[in-house]
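Quick one: structure below, then a few questions.
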Amino acid sequence: MKSVDPITTEIIRNAFISIANDMNATLIRSAFTPVIYEGKDCSVALIDEKGEVLGQSLGLPLFLGNLEICVKLIAEEHGWDYFKEGDVFYMNDSYMTGTHLNDSTIIMPIFWGGKRIGFAASRAHWLDVGAKDPGTPVDSHEIYQEGVRWGPTRLYESGEPREDVIDLLRRNSRFGEATVGDMNAQVAAGRTGEKRLHALFDRFGVETIAVARDQIFEQTEMLEREAVKALTDGVYRAEGYLDDDGLGSDPLLVKLELTVSGDAMTIDLAGSADQARGPVNCGITQTIAAARVAYKLLICSDVSPNGGSFRPLEVTAPERTIFSAEEPAACGWYFSSLGLLIDLVIKSLAPILPEKAAGAHYGDSMVITVAGQDPRNDNRFYLMIEPTTGGWGAYDGGDGESSLINNVNGSFKDIPVEIFESKYPLQLLSYGIRQDSGGVGKYRGGNGTYREYRVLADSDLFLWFERSKTTAWGLFGGANGLPPNVTVERPDEDTLELLKVNGIKVCKGTVIRSLTGGGGGFGNAVERDPAAVRQDVVDRYVSMEHAEKAYGVVLTKSLDIDEDGTRQRRAEMRIPAA
Amino acid sequence: MSKYRVSADIGGTFTDIVIEPSDGPVFVGKVPTTPENPAGGVINGIKDLVPDLSDVDFFVHGTTVGLNAFLERKGERVLLIATAGLGDAYTIARGNRHTLYELRYRKPQQLVSRRDVHEVRGRLSWDGQVLENLNHADFDPIIEKVRSEGINAVAICLVHSYAYPVHEIEAREILSKALPGVSISLSHEVAREWREYERASSAVMNAYIAPVVQRYLSSLQQELHEMSMNATVHVMQSSGGVSTADSARRNPVFTLLSGPVGGTIAGTALSAATDRPNLLCVDMGGTSFDLSLVMDGKANATLETELQGLPLLMSIVDIQTIGTGGGSIAWMQNGAMRVGPQSAGSIPGPACYGRGGTAATVTDANLFLGRLGSKSLLGGEMHLDHAAAASAIENLAPQAGLEPTPLAEGILAISNAAMADAMRTITVSQGVDPREFVLVAFGGAGPMAAAFLADELDIQEVLIPKFPGTFSAWGMLQTDLRHDFTQSFFRAAGDVEIEDLNSAYTALESEGRATIAKEGIDDNNISCQRSADMRYTGQEYTINVPVPAATDIATIIGDFDSAHERRYGHSSPGAPVEFVNLRVAAFGEIQKYSHTDSAEPENGDVAIGEREVIFDSTRHTTPILARDKLPATYQAAGPLIIEEQSATTVVPPGWEIEVDRHRSIVMRRRSTE
């Protein structure tokens, strides 16, 4: 085999990443729905002829490292010759792709000189795929309620669109035109990848690219294995609970055992809850992806992912758990389980990676949905869906961020008050940072968020809030953050406290107050620099009472530090309770 | 008697000056920037070039005073006043992340800390009803704090003020009465658009830099006046237009990016003069390069941007910065070769700067290969140390398993390919194909890399303008006065009567004309351009569509459909469309001299020497040409090195040049038949 000089290899490596970036830019530019072009709820990958990643743009973290598994699954089922020049495949089957049916995976084989040289693949969240309720129902218990399920299906054959199949897609969405628009954007992203990969092969040829690719994978694998090898060998465990399955079940256990042995790492999920009735399940493909996200957050974070990246990592789960769901398990809100899993992987590694780890964050999206008819607008149907921010975990050397979107979401932005009130018959009474909600510690967990809505027209309320049972934990003596809480004050009726609900009536005048959780603290609170506690009080992240009670920092009325009082209070706190 | 039009581009290290006499060819100068007294450097630079400052007719400059105050976080302490219950919207900053793989993510550092955000009661509904009157008593503790803590700048952003500013105006009355001398920035005056966080951020930025920019402009005006320069001082704005210093003092935020936009505006002038509608403008310096687009003769603009993650709502020329340049360092990682992203910057700089840098950089590779000469000037008076460059390259070569020469060529190949990749991704996200563009390269390092970038991007033609090192300053002389006006107009397009639309535009235009007239422009020389931000109902983001003065709603909707198709690759004719904002850009034409600057070149030999230069692993004895001796219509084939005071142009084998009547170098790939 011929050898390739390091210059050519580097040009080819950069080109792989750049091709993925161009595919991503094409997808975002041509997508129809804001969840893709604004929320960036999408991901693309350039994949080689055997299903290994050449380049990936760092899109939605949760989609990292799973597009190539979809390619391999198709090949496993049908053989590699199943891919023909001019094909474009669509699939959304949760048990293959791992995620919910809204996530559309589109795969295009790329040929050059009659030979298959790779694949362009993308995944994007489609607004509606024909579930029983608009978007993603919160109370489904079978996948058939969550939309139309597709195995790998050709949208294009010999370069020609299969209009009958595309029509079927269109007819099975409440927003059919947008669905086909987003599909076209994904196809366009694939064409961009194809065009640029052709140009790269024209320039360097099959053999040079193959050798360079192998070198790139080896170099990446070597970097990754060195990083894993530097970790202390051992078995590390972590566990936590999902509140319920969305249908009122008992808490669901998420349990993992992580083994570091030499330059390899395994994550085993044995002991995690069996497949649940409610929509908190996912396919193993997405579980692997989530484990890779956690891995990437801690190890070689600055190395662009490719076929060599995850070779040191193996992920296993027994059959029919929430992480390895099978038909007909519901998967609509799969990311709650995965968000917890990601946080737990980080927790398990914290003892040996204290310089990289952080306390847990508030969890996942904490989605509030209000729908109804808008009297200001001819009683037209309106649908307000809003993920909510919360507190992130503290780390060695820094406080957690407050009111930040969760780790499994993309580039989500909150809806500004001015847009919100103009678009929906709702008024935002208050919106802000929830004081004292971050876990205390030498470094403070970030605070959660409050958002208070007044309903101006009779509507329906849907809620998906999580992590009240396993709140965001602290590390190395840091305390947990506060759990989320939602109250619904209805005129002339009882006030409700809820976290999950599927469509209760909220009449005009109802006030909904949502509180999200804080992040975990890091280190012991009595070691926090009193000056930092004082700053927190001045900036209203921490109340005076909390400063004294939880941090042992006594402040005078004029917010100066009472040195004697602080010394005394902290001495009391250091005495372990009998 | 000669008169002069003068521009100055005040950069971080050098101030570029361009002088256009009424009766002769343009000439340029470069003086060190004097950061401690920015006005001083400019004045000294002009005095050296123009004997009598009273002969200056027109003076415009681009300043980084405001930008530097921001970047160094040395602006004014600002107190922000917000609507009760919603003050945290500013600190929460919409809750999003800019990078997705960071467990320890922190939001961008805001200019106002939470302790200085204060709330006042008083609430308007989305459609302007007063739900609660502005509570005057809530201002008392704020006034007390501003007084006792010596705060000089206050920003006010109240919810729904973009459409209904009544409470903001009332708040200013209360404050200015109680706090004379304190600078007050109202969000609806800085940015009349919805989204309270972005508007507050814009108003805060204005308040933050206002005092320092105001002090600077006043001192510049006064000093120039003392030296009998009576021409009005103009300032370049981020929008690509200019304003008078007096007007810039009111909303200094509009001057924030006043330096770099000059290059793009120069590009539009070049586009018009040479009849090339689509230009890719590359401004390359030592540590990074700026990319901007001229499409159909117009600078590609945007209506919002972010600086260090902080949003700004304003009309601004869209300039993308790519972090690769002459300082990018070559290094090895596990047997793999990398170039950048680390840069040697200007201190210590590339090894050849002789300032203590030892890492091999792109500039060292250029020097090692002979593309740069030891006496080449990189926009300054600096001698380059060939031996230091060679030793940096030779030290790295064994690690890469290469001879020094292929390594040096390899460093350039990797960096050129990476720059081209980044450029291509930007064009893809704009929906354009780089092959349909002419590459315009300027700045100290642009002309050296231009042909190689064009090769990577399959671009056929490259322009190296005259005085590439001071192109941005030249651009400032080509522009007109400009002020932008916006009104929120949130309506379904199908329900809008053309009369309503026209009267809204007329109101904005009279505001615009009045503002421009105040700057001393005759009404005949004032023009206005209408545009609207529109979108399909249900979309979040808008597209700005030009609106001709005489039109109808259906035509506007059709224009929106076409603009959507261009921008996003698809459109939905017939789908409901809504207006979000109406905009008017008011222009005041600035009188320019009527002669062209195609002066004869200086006498003397074009060829000033030759040296060994390596291209494609081969040594070529390459002629060195003097740029200022090249006459119009001059033609030659590469390899060539063309040197001038502020830049070096590299013409590789396979390329040829022709000098056009504006004395730009036009480079084309030689046809292969």
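Being a predicted model, the structure only gives us computed values, none of them experimental. Chain letters run A, B, ... following the sequence lines, proteins first and then strands; every chain starts at 1.
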Identify which part of B:Ser572 has an atom lying under 4.5 Å from any heavy atom of chain A, answering side chain, backbone, both or neither.
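Just the side chain, heavy atoms under 4.5 Å.
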Can you say whether B:Ile426 sits under 4.5 Å from chain A via the side chain, the backbone, both, or neither, judging by heavy atoms?
->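 It is neither, since no heavy atom gets under 4.5 Å.
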Check B:Arg97 against A:Trp392 and note the closest heavy-atom contact, atom names and distance.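 Between these two residues, the closest heavy atoms are NH1-CH2, 3.6 Å.
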Query raised in the report: Which residue out of B:Arg424, B:Arg195, B:Arg123, B:Glu196 racks up the most heavy-atom pairs below 4.5 Å with chain A?
Result: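 Ranked by contacts with chain A, first place is B:Glu196.
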Q. How long is the gap from CG on B:Leu103 to CG on A:Leu353, to the nearest 0.5 Å?
A.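 Here the rounded value is 10.5 Å.
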>> Under 4.5 Å from any heavy atom of chain B, what part of A:Tyr450 do you find: side chain, backbone, both or neither?
In response: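 Looking at A:Tyr450, just its side chain touches chain B.
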query: Under a 4.5 Å heavy-atom cut-off, does chain B meet the side chain of A:Gln427, its backbone, both or neither?
result: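 The answer is the side chain of A:Gln427.
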**OP:** Determine the minimum heavy-atom distance between B:Thr91 and A:Tyr541, stating which atoms define it.
**Re:**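 Of all heavy-atom pairs spanning B:Thr91 and A:Tyr541, the closest is CG2-OH, 3.6 Å.
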Can you say whether B:Glu119 sits under 4.5 Å from chain A via the side chain, the backbone, both, or neither, judging by heavy atoms?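 When you check distances to chain A, no heavy atom of B:Glu119 falls under 4.5 Å.
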To the closest 0.5 Å, what do you measure between CD (A:Glu355) and CZ (B:Arg104)?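 Rounded to the nearest 0.5 Å, the CD-CZ separation comes out at 7.5 Å.
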- Charged N to carboxylate O below 4.0 Å: is that the case for A:Glu418 and B:Arg199?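 Salt bridge flag = yes for B:Arg199 with A:Glu418.
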Worksheet item: Who wins among A:Thr389, A:Asp22, A:Asp5, A:Asp399 for the most heavy-atom pairs under 4.5 Å with chain B?
Response: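 Heavy-atom pairs under 4.5 Å are most numerous for A:Asp22.
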Handout entry: Between A:Leu223, A:Ile216, A:Thr9, the one whose heavy-atom pairs under 4.5 Å with chain B are most numerous
Key =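 Looking at each option in turn, the highest pair count goes to A:Leu223.
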**Message:** For chain A, which candidate among B:Arg115, B:His98, B:His564 shows the most heavy-atom pairs at distances under 4.5 Å?
**Reply:**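 The residue among B:Arg115, B:His98, B:His564 with the greatest pair count is B:Arg115.
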* Asked: Given a strict heavy-atom distance threshold of 4.5 Å, which part of A:Asn406 is in contact with chain B: side chain, backbone, both, or neither?
  ->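 The backbone, not the side chain.
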_So which residue, B:Ala93, B:Gly401, B:Ala413, B:Ala417, ends up with the most heavy-atom pairs under 4.5 Å with chain A?_
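Of the options given, most contacts go to B:Ala413.
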Identify which part of B:Gln333 has an atom lying under 4.5 Å from any heavy atom of chain A, answering side chain, backbone, both or neither.
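Answer is side chain: those atoms of B:Gln333 sit under 4.5 Å from chain A.
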| Largest heavy-atom contact set with chain B, pairs under 4.5 Å, which of A:Ile405, A:Leu404, A:Leu297, A:Asn14 |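 Ranked by heavy-atom pairs under 4.5 Å with chain B, first place is A:Leu404.
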**Prompt:** Is the number of heavy atoms from other residues, nucleotides or ligands within 6.0 Å of CG (A:Asp202) greater than 12?
**Reply:**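 More than 12 heavy atoms, drawn from other residues, nucleotides or ligands, come within 6.0 Å of this atom.
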At a heavy-atom separation under 4.5 Å, does A:Ala31 approach chain B through its side chain, its backbone, both, or neither?
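Contact with chain B involves the backbone of A:Ala31 alone.
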Handout entry: Part of A:Ile19 within contact of chain B (heavy atom distance under 4.5 Å)
Key =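 For A:Ile19, no heavy atom lies under 4.5 Å from chain B.
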Item to check | Residue part contacting chain A, namely of B:Ser161, when any heavy atom lies under 4.5 Å | outcome: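 It is the backbone, since no side chain atom gets that close.
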Report task. Measure the spacing between OG of A:Ser402 and NZ of B:Lys107 and express it to the nearest 0.5 Å. Result ->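 Spacing of OG (A:Ser402) from NZ (B:Lys107) equals 7.0 Å.
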As an exercise: rank B:Arg106, B:Glu102, B:Met337, B:Met332 by heavy-atom pairs under 4.5 Å with chain A and give me the winner.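 Most heavy-atom pairs within the cutoff with chain A belong to B:Arg106.
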Per-residue contact mode, B:Ala336 against chain A (heavy atom under 4.5 angstrom)
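Looking at B:Ala336, backbone and side chain both touch chain A.
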Query raised in the report: Between A:Ala188, A:Ala15, A:Gly432, A:Ser403, which residue shows the highest count of heavy-atom pairs closer than 4.5 Å to chain B?
Result: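 Ranked by heavy-atom pairs under 4.5 Å with chain B, first place is A:Ser403.
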Considering only heavy atoms from C-beta outward, does the side chain of A:Met23 approach that of B:Val428 to under 4.5 Å?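 Counting from C-beta outward, A:Met23 and B:Val428 never come under 4.5 Å.
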Can you list the steps and then say if B:Tyr197 with A:Lys413 is a side chain to side chain contact (heavy atoms under 4.5 Å, CB included)?
-> CA-CA 11 Å; B:Tyr197 165 60; A:Lys413 290 181 174 176; over 6 Å; no
Around atom CZ of B:Arg77, are there more than 12 heavy atoms of other residues, nucleotides or ligands at under 6.0 Å?
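For B:Arg77, atom CZ is crowded (more than 12 foreign heavy atoms under 6.0 Å).
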So which residue, B:Glu409, B:Arg114, B:His160, ends up with the most heavy-atom pairs under 4.5 Å with chain A?
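Most pairs with chain A among the choices: B:Arg114.
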**B:Glu132 atom CD, over 12 foreign heavy atoms within 6.0 Å** =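 More than 12 within 6.0 Å, yes.
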Counting heavy-atom pairs closer than 4.5 Å to chain B, which one of A:Gln535, A:Arg540, A:Lys356 comes out on top?
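Counting heavy-atom pairs under 4.5 Å, the top option is A:Arg540.
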Quick one, B:Leu402 and A:Pro6 - any side-chain contact, counting heavy atoms below 4.5 Å?
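Contact flag for B:Leu402/A:Pro6 side chains = yes.
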**Item:** Greatest number of heavy atom pairs closer than 4.5 Å to chain B - which of A:Ile11, A:Ile433, A:Thr26, A:Ile7
**Value:**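 Most heavy-atom pairs under 4.5 Å with chain B: A:Ile433.
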* CG of B:Asn334 to CD of A:Glu224: how many Å apart, nearest 0.5 Å? ->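 Reported to 0.5 Å precision, the distance equals 10.5 Å.
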Q | Partner chain A: residue of B:Asp116, B:Thr425, B:Thr99 with the largest heavy-atom pair count (under 4.5 Å) | A |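 Of the options given, most contacts go to B:Thr425.
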Q) Just how far is it from atom CZ of A:Phe412 to atom CZ of B:Arg94, taken to the nearest 0.5 Å? A)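 A:Phe412 atom CZ to B:Arg94 atom CZ measures 8.0 Å (nearest 0.5 Å).
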inquiry  = Show, in sequence, the C-alpha distance, side-chain angles and deciding distance for A:Arg196 and B:Asp421, and conclude whether the side chain to side chain contact (heavy atoms under 4.5 Å, CB included) test is met.
reply    = CA-CA 11 Å; A:Arg196 287 215 52 208; B:Asp421 283 342; 3.3 Å; yes
- What are the two closest non-hydrogen atoms of A:Ser422 and B:Tyr162, and how far apart are they?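 It is OG-OH, 3.8 Å.
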> Under a 4.5 Å heavy-atom cut-off, does chain A meet the side chain of B:Phe490, its backbone, both or neither?
Replying inline: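 When you check distances to chain A, only side chain atoms of B:Phe490 fall under 4.5 Å.
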- Check each atom of A:Ile17 against the heavy atoms of chain B and say whether the ones under 4.5 Å are side chain, backbone, both or neither.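 Neither; nothing under 4.5 Å.
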Is B:Arg338 in contact with chain A via its backbone, its side chain, both, or neither, using a 4.5 Å heavy-atom distance?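 Both parts, backbone and side chain.
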Gap between atom OG of B:Ser113 and atom CG of A:Asp539 - 0.5 Å precision:
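Rounded to the nearest 0.5 Å, the CG-OG separation comes out at 5.0 Å.
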